[in-house]
2 protein chains.
Amino acid sequence: MDKNDLIFTQIQPLLNYFTELIPLNAEEQHLVIELFKPRLYRKRQYALQEGDICNQFNFVVRGCLRMYKVDDKGNTHILQFASENWWISNIGSFHERKPSGLNIDALEDTMVLQISHENLLALYTQAPKFDRIFRVLIENNFVSLQKRLLQNISSTAEERYLSFLENYSHLSNRLPQTQIASFLGITPEFLSRLRNKQAKNS
Amino acid sequence: MDKNDLIFTQIQPLLNYFTELIPLNAEEQHLVIELFKPRLYRKRQYALQEGDICNQFNFVVRGCLRMYKVDDKGNTHILQFASENWWISNIGSFHERKPSGLNIDALEDTMVLQISHENLLALYTQAPKFDRIFRVLIENNFVSLQKRLLQNISSTAEERYLSFLENYSHLSNRLPQTQIASFLGITPEFLSRLRNKQAKNS
DNA sequence: AACTGCATCAAGAAATAGTATTGATGTAGT
DNA sequence: ACTACATCAATACTATTTCTTGATGCAGTT
């Protein structure tokens, strides 16, 4: 398999993703192939480090990334997981071109397709359809974020955990409990007890 | 401890390093503090990836980095380790602004102080003393490289290993044998046998 | 032809690092 | 006092990384 085949195989999920939102013509597909670059992040590797400007918009082909904030006490709080077919990037830092307060790193070896800020602007110019595609995509992200926030302010840890199981069933046995706990905003110990309780009740 | 104290603590070893070569006045110290940025590389993280242009000159505060070449067969050959108070960067790529054929990555979580190409030029302009400091520093690197080359073409693996033990005693029990073997240019298995032999002879 | 200095491959053992569980104890808010 | 969590410490478990060993091979001396 030569290099082009390889890139093509990896880019297929992204083309599918776009096409499901809005069908692309050949030229648009070609732009995507040209402007998105495949990149491998190895487990624990940063895709974005606090203080740097986020310059890439990432689509996960396989693996899993997380975006998180480290607070003054050194605790990490996970804002988002991104596994297959999800987008991740610090949108604020990306668009306003200012240093990120958040980190993104890899929980598994992760292949992404990424487009740089510059190339994304070029993409919008050359194929205005992507304005709409990215609007929709960001709306989706926004909605799921809003949902999480709402849940956070209105539910107990147990409820949040159950909802996590529903919404992220593919991740619940794939990620370490530490990460899930940090996503739910509880300690790993408490999550362990919650899981125990669940097991007993079933 | 606030953020400034933190940066100051980290930058001290670098100021010491320079001062031992040539004393710096307050203004020069200030430039160093301003132009060198602390940065953490986590174990396995790349500081420079083949194909990218090396844009940073790195001083290791703690931890250990390695610079290596991956050959056509996929074997890696380590050119240099850099632990505390050592410099590392692909000087060729850095100065000629062309893609690196070498990789740099972290063998341990590593804190570096790094200066970008742009800022280093600014430093030379604003404080010409650094021309001399960096000349000396690069000379030191050059000499140790030459020594290694000479040894490589003139010694058996066992001799090279013994010399490694002398010159890098602080690393010999800190790095995995795989890495040391790759530095010596032998297989880990053969290094294992050499070590065995040593142990018996003493 | 035998010997030396290495390599390669495969399998298993040993060491280390990462993750999960549990108990004891504490605290803020109802 | 009770609920919903946190913190700390110890232990257990699992996975990953690293090391060792044996078998085999080969190229370049002696």
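Heavy atoms only: backbone and side chains are in, while hydrogens, waters and symmetry mates are out. Below, read A as the first sequence line, B as the second, and so on, with proteins coming before strands; counting in each chain starts at 1.
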Grab the [atom1]-[atom2] distance between [X] and [N] for me, whole Å please.
X: I180(B); N: dC19(D); atom1: CD1; atom2: P; result: 8 Å
X: Y161(A); N: dC5(D); atom1: OH; atom2: P; result: 15 Å
X: E108(A); N: dT16(D); atom1: CD; atom2: P; result: 11 Å
X: H77(A); N: dA6(D); atom1: NE2; atom2: C1'; result: 13 Å
X: R174(B); N: dT18(D); atom1: CZ; atom2: P; result: 15 Å
X: L194(A); N: dT3(D); atom1: CG; atom2: P; result: 15 Å
X: D109(A); N: dT16(D); atom1: CG; atom2: P; result: 11 Å

- Query: Are the side chains of P13(A) and F59(A) in touch, meaning some heavy atoms are under 4.5 Å apart?
  - Reply: yes

- Message: Please determine whether any donor N or O and acceptor N or O are separated by less than 3.5 Å between the side chain of R193(B) and the base of dG5(C).
- Response: no

Side-chain atoms of residues 137-145 of chain B: list all donor-acceptor pairs with protein atoms under 3.5 Å, sequence neighbours left out, distances to 0.1 Å.
from, atom 1, to, atom 2, distance (Å)
E139(B), OE2, R135(B), NH1, 2.9
N141(B), ND2, L137(B), O, 3.4
S144(B), OG, N141(B), O, 3.3

- Query: Hey, is the main chain of P188(B) close enough, under 3.5 Å, to the side chain of S192(B) for a donor-acceptor pair?
  - Reply: no

- Above 12 or not: heavy atoms from other molecules or residues under 6.0 Å from NE2 of H77(B)? yes

Dump the pairs, protein N or O against N or O of nucleotides 28-30 of chain C, anything under 3.5 Å, distances to one decimal.
none

Set out, line by line, the N/O atom pairs under 3.5 Å between protein and nucleotides 15-20 of chain C.
from, atom 1, to, atom 2, distance (Å)
dA20(C), OP1, Q177(A), N, 3.1
dA20(C), OP2, Q177(A), N, 2.8
dA20(C), OP2, T178(A), N, 3.3

- Message: For N55(B), give me all partners under side-chain hydrogen bond (donor to acceptor under 3.5 Å, both in side chains), at least two apart in sequence or on another chain.
- Response: R97(B)

- Report yes if a side-chain nitrogen or oxygen of N196(A) is closer than 4.0 Å to either non-bridging phosphate oxygen (OP1 or OP2) of dT22(C); otherwise report no.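 For N196(A), the contact criterion (side-chain N or O under 4.0 Å from OP1 or OP2 of dT22(C)) is met.
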
- Between the side chains of Q10(A) and R62(A), does any donor sit under 3.5 Å from an acceptor? no

- Task: Indicate yes or no: does D52(A) engage R39(B) in a salt bridge with an N to O separation below 4.0 Å.
- Result: yes

- State whether E108(A) and R174(A) are salt-bridged, where the test is any N-O pair (Lys NZ or Arg NE/NH1/NH2 against Asp/Glu carboxylate O) under 4.0 Å.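 R174(A) and E108(A): salt-bridged.
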
Distance-only check: which donor-acceptor pairs under 3.5 Å involve side-chain atoms of residues 98-106 of chain A, not counting sequence neighbours?
from, atom 1, to, atom 2, distance (Å)
K98(A), NZ, E96(A), OE1, 2.8
S100(A), OG, N90(A), ND2, 2.8
S100(A), OG, L102(A), N, 2.9
S100(A), OG, L102(A), O, 2.7
N103(A), OD1, E50(A), N, 2.9
D105(A), OD1, R66(A), NH1, 2.9
D105(A), OD2, R66(A), NH1, 2.9
D105(A), OD2, Y68(A), OH, 3.2
D105(A), OD2, R42(B), NH2, 2.5

- Message: Which heavy atom of A127(A) sits nearest to which heavy atom of E28(A), and what is that distance?
- Response: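 Answer, listing the atom of A127(A) first, then E28(A): CB-CG, 4.1 Å.
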
- Mind listing the residues from residues 182-190 of chain A sitting with a heavy atom below 4.0 Å of DNA chain D? Number order is fine. G185(A), I186(A), T187(A), E189(A), F190(A)

- Of F130(B), Y124(B), W86(B), F94(B), which meets ring-ring contact (aromatic ring centres under 6.0 Å, His included) against F57(B)? F94(B)

